[in-house]
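First the structure, in the form of structure tokens, and then the observations on it.
Positions are given from 1, in the same order as the sequence printed here.
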Amino acid sequence: MSPTDGTPGLTAAREAAGRGTADRGAAGRGAAGAGQPAGPVTFKAGCPDCRGRFELAAGALRLVIGGSRRTTFYSFTCPECGVAVRKPAGERIVELLTGGGVSTLRSV
């Protein structure tokens with residue numbers, strides 16, 4: 001459906017009116033343009049434990065931006081097996097998650 005953004009396990013999608021999900025453009029812009037998403041944002045993710053693939057709403061994800069790559073990550077609870085998942089977040093992932101309204105914590 002949508003290509004990955006370079007980090008396995010997470011891609012962003014938006015609800016298109018009557019057409020399922022579609023990719024969000026660069027810089028977090030939806031098809032509506034002008035920086036406004038065309039609908040609710042969901043994120044495709046995968047669980048490394050149970051290998052489940054699913055979509056998560058922005059409220060199901062947390063982003064932590066630390067002082068280094070090692071301390072910048074996103075996390076969620078797998079809806080299929082209940083395990084807490086934590087994955088590194090590069091610049092592109094941070095851009096997608098913050099543009100999609102994911103709750104962000106900045107640590108020093």
Side-chain angles (χ1 to χ4, degrees):
M1 177 181 300
S2 62
T4 62
D5 57 7
T7 301
L10 183 73
T11 57
R14 66 168 169 73
E15 288 295 322
R19 289 185 280 166
T21 59
D23 287 350
R24 291 194 66 173
R29 293 183 183 180
Q36 299 298 319
V41 177
T42 60
F43 296 90
K44 293 181 181 182
C47 177
D49 280 14
C50 73
R51 301 279 211 210
R53 309 285 297 165
F54 38 82
E55 291 188 6
L56 298 170
L61 292 150
R62 296 290 177 263
L63 173 64
V64 176
I65 300 176
S68 71
R69 286 184 176 207
R70 198 168 69 91
T71 58
T72 300
F73 62 92
Y74 66 97
S75 63
F76 59 91
T77 300
C78 175
E80 295 185 13
C81 70
V83 71
V85 178
R86 177 177 163 163
K87 295 186 177 185
E91 288 181 30
R92 178 71 176 140
I93 295 295
V94 170
E95 184 179 299
L96 288 170
L97 294 176
T98 56
V102 171
S103 179
T104 304
L105 173 66
R106 295 187 187 274
S107 65
V108 183

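Taking 4.5 Å as the limit, every side-chain heavy atom of Val102 sits out of range of all side-chain heavy atoms of Tyr74. Inter-residue side-chain proximity for Leu63 and Val94 is flagged as met; some heavy-atom pair is nearer than 4.5 Å.
Contact detail for Glu55 and Lys44: the closest heavy-atom pair is OE2-CE, 3.5 Å. Here the closest non-hydrogen pair linking Phe43 and Gly100 is CZ-CA, 3.9 Å. Of all heavy-atom pairs between Arg53 and Glu80, the closest is O-OE2, 3.6 Å. For the residue pair Gly46 and Phe54, the shortest heavy atom distance occurs at C-CZ, 4.1 Å.
Judged by distance alone, with hydrogens and angles left aside, the side-chain atoms of Thr72 form a donor-acceptor pair with the main-chain N or O of Gly66 at under 3.5 Å. With hydrogens and angles disregarded, no donor-acceptor distance shorter than 3.5 Å links the side chain of Arg92 to the backbone of Ala89.
Taken together through direct or relayed side-chain contacts under 4.5 Å among Ile, Leu, Val, Met, Phe, Trp and Tyr, Phe73 and Phe76 form parts of separate hydrophobic clusters. Linking Ile, Leu, Val, Met, Phe, Trp and Tyr whenever their side-chain heavy atoms come within less than 4.5 Å puts Val85 and Leu56 in one cluster.
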Test side chain to side chain contact (heavy atoms under 4.5 Å, CB included) on Cys47 and Val83 and set out the steps. CA-CA 8 Å; Cys47 177; Val83 71; 3.6 Å; yes
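Rounding to the nearest 0.5 Å gives a distance of 11.0 Å between CG of Leu61 and CG of Leu96.
Identified under the side-chain hydrogen bond (donor to acceptor under 3.5 Å, both in side chains) test for residues 97-108, with sequence neighbours left out: none.
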